[in-house]
Each structure stands twice: as structure tokens, then as C-alpha cells.
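Numbering of ligands and ligand atoms starts at 1, following listing order. Every value quoted in this text rests on a predicted model; they were computed, and no experiment measured them.
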Amino acid sequence: GLPALAQTAKPTVVIVATGGTIAGAGASALNSATYQAAKVPVDKLIAGVPELASVANVRGEQAFQIASESFTNDKLVTLGKRVSALLKDPEVSGVVVTHGTDTLEETAFFLNLVIKSDKPIVVVGSMRPGSAMSADGMLNLYNAVVVAAAPSAKGKGVLITMADDILPGRDASKRVNIKTSAFGSQWGSLGMVVEGKTFWFRSLAKRHTINSEFDIDTIDALPEVSIVYGSGSMNMALYDAAAAPGVKAIINAGTGNGSVPNYAVDKLKSIRDKGVMVIRSSRVADGIVLRNAEQPDDKYDWVVAHDLNPQKAKILAAVALTKPQTTAELQRIFWEY
Ligand SMILES: NC(=O)C[C@H](N)C(=O)O
């Protein structure tokens with residue numbers, strides 16, 4: 001065995017497990033899509049990848065055991081506070097969060113906005129349960145621990161390791177279902193992990209973690225934000241439900257460049273008049289929504305989500321609106337993060 005000094009010199013990485021398919025189990029090796037998520041406890045996940053021990057001193061914590069479609073704002077806040085506390089421990093070099101892939105993009109962006117640490121935070125999932133042929137969770141988890149233990153990953157914002165890529169938690173999203181290459185960003189990946197080594201090619205230009213004005217240690221709840229999905233022939237009652245009392249913002253997942261039907265404009269104006277923020281995003285996965293293009297945002301006092309998809313915009317709006325914000329301040333936040 002290694003001398004004791006070499007053992008203790010290894011970085012310590014904590015795996016905070018929340019469930020998902022990476023902790024899933026199916027009836028047979030053929031069940032790649034039909035299985036139960038959130039079954040396998042974190043210690044068993046770690047034991048399933050003995051190679052982790054050569055990368056870091058790894059220990060696990062079971063935060064939740066849920067499929068990620070069942071994540072709530074309360075769970076985000078609980079998880080964020082725990083990750084923040086772990087990273088304050090000088091013994092901890094980095095944190096890995098195992099997570100279902102369905103809302104992994106929301107959690108990764110949330111942590112990217114609110115954790116005041118430059119230590120690596122890696123969110124990871126899998127598309128196939130560990131019981132399936134060509135299960136992807138083992139390698140994704142191994143890569144996550146490699147990145148969380150890597151000094152080169154410091155200060156890069158919250159990262160996602162899926163299918164060999166190192167992706168930015170800010171703008172990577174689930175773009176393909178079923179397939180293991182599920183995650184991508186229109187701005188590309190930041191790098192790759194191959195055979196336990198990290199290779200970096202880009203960095204994030206937006207504010208995050210240590211340079212964020214938001215801090216999970218001062219956030220105890222997130223306000224409610226609704227998304228209304230744009231289409232032809234929209235039902236205006238959806239807007240009324242979306243703007244129910246207590247809702248602080250509506251993300252309009254508009255068509256095209258965040259366009260709004262002529263018969264919906266007065267509805268959205270009246271919602272804004274009631275004090276609810278109106279934020280124009282798009283149902284189109286890529287591109288950016290420009291201010292005062294398609295709709296006169298200055299005149300209506302609306303905000304544009306820039307390149308953020310509706311679910312990312314929902315997270316940023318919820319975090320931003322934990323503090324009072326004018327429309328101009330909220331728009332500034334959407335440019336900067
Ligand atoms: N691949 C997955 O993890 C999907 C699962 N429904 C989840 O998000 O928990």
C-alpha cells in the first residue's frame with residue numbers, strides 16, 4: 001500500500017446524492033429506459049466505482065432519494081446550503097452532486113448562482129440505470145470526481161460531467177432524451193475528461209459562484225416563478241393561472257425570438273401592471289432573445305431572458321427576486337449571469 005502521507009495528501013471529495021437514474025435500477029440488463037430511478041444508496045454507488053479511491057478520499061451523503069422531476073424550490077435551498085457548508089470545510093477540496101438528468105440543468109445553474117466558493121462543484125447524472133447494458137453512470141461519476149478533485153477546475157463555475165464532456169452548469173441543458181449524449185450547450189463544452197485527466201478549452205464569460213451577488217447562506221426560500229409555453233392558438237386562461245397570487249414573475253416561453261401573439265399582449269401588460277415581472281424567453285432551444293425586438297420591452301416594462309432557456313430563466317428570476325429588484329436591475333442580472 002501507499003505510505004500514510006500519500007494517502008492523506010489526496011484531495012477529499014464529498015458526493016452528495018439526490019437520486020435520479022444514476023441511482024436507478026431496472027429489472028433486466030435490457031431495461032435502459034424502463035426502470036425505477038432513485039433506488040441505489042450513495043455508499044453503493046461509490047462502492048461500484050473502486051477506481052475513485054485512487055483519485056480522492058471520497059465519502060458520500062444521501063441528501064434525497066428522488067427522481068429529479070420531483071425537485072422543488074425547498075429542496076434546491078436545502079441542497080445549496082449543504083453544498084455551501086461542505087465547501088467551507090478546509091478539508092474538502094470539491095463536491096459532486098449526483099442528480100437525475102431531467103432537472104439537472106436547473107440545479108446546476110442554481111448552485112452556480114448562489115454558492116460562494118471557488119472550489120469545484122460538479123453535478124452529474126446518467127441516462128441509463130446501473131443495471132443496464134452500457135450503463136453510463138460509472139464513468140460519468142468517475143469523471144465528476146476527477147473534475148471535483150482537480151485544481152484546474154477551481155473558479156470555473158458549477159460544472160456537469162456527462163458523456164466525457166465538462167459542461168457549464170450555467171447553460172448546458174438536456175437536449176436529447178434516451179441517448180447518453182443528452183447534455184449540451186449552444187456555446188459548447190468547456191473541456192473533456194479522458195482516462196482520469198482533464199482537458200480545458202474554454203471558460204465561462206458570465207458571473208458565477210464567488211463573483212455572484214447572491215449567497216445561499218442568506219436565502220431561505222425562493223419565490224414562485226411560472227412558465228407559460230408559447231404556441232399557436234394559445235389559451236389565455238393559462239396566463240391567469242400562471243399569475244396567481246404570490247407569483248413574482250412569468251417566463252413567457254415565446255415562439256421564435258420570444259414573440260407574443262397579438263391577442264396575448266394586453267394580458268401580459270395587465271399582469272405586469274399587477275407587479276408581476278414579465279420575462280421573455282423562447283421555446284427555441286438556441287439563440288438569444290433581444291430587448292425591444294418582437295415586442296417593445298422598454299414601453300411595457302418587460303425583461304428579456306437573453307440566451308437562457310425558460311427553465312434556466314426561471315431559476316435566475318427566482319434567485320434574483322429573493323431581493324427587491326426594479327425591471328432595470330432584473331434586466332441587468334439577465335445580462336450579467
Ligand atoms: N435520466 C434521469 O435521471 C431521468 C430521471 N427521470 C430523473 O431525472 O431523475
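Looking at K116 and D217, their side chains never come closer than 4.5 Å, going by heavy atoms from C-beta outward. For the pair K312 and H306, the minimum side-chain heavy-atom distance is 4.5 Å or more.
Of all protein heavy atoms, the one closest to atom 1 (N) of ligand 1 is T101 OG1, 2.6 Å. The nearest protein atom to atom 5 (C) of ligand 1, hydrogens excluded, is given as T21 OG1, 3.5 Å; this is a heavy-atom distance. Among all non-hydrogen protein atoms, the one lying nearest atom 8 (O) of ligand 1 is S68 OG, 2.5 Å.
For F109 and Y337, the gap between ring centers reaches or exceeds 6.0 Å.
For ligand 1, one of its N or O atoms has an N or O atom of E69 under 3.5 Å away. Between T103 and ligand 1, not a single N/O pair is under 3.5 Å apart.
Near S126, the atoms of ligand 1 lying under 4.0 angstrom from a non-hydrogen atom of the residue are 1 (N), 2 (C), 3 (O). Those atoms of ligand 1 that come under 4.0 Å of a heavy atom in A67, given as number and element, are 9 (O). Less than 4.0 angstrom separates some heavy atom of G20 from each of these atoms of ligand 1: 9 (O).
Of all the heavy atoms of A182, none lies under 4.0 Å from any atom of ligand 1, so neither backbone nor side chain is involved.
By the neighbour-count criterion of 12 heavy atoms within 6.0 Å, atom NZ of K248 is sparsely surrounded, having that number or fewer from other residues, nucleotides or ligands.
The pair K323-E329 fails the salt-bridge criterion, with no side-chain N (NZ, NE, NH1 or NH2) lying under 4.0 Å from an Asp/Glu carboxylate O.
When atom types are taken as modelled, the side chain of T218 and the backbone of D215 share a donor-acceptor pair closer than 3.5 angstrom.
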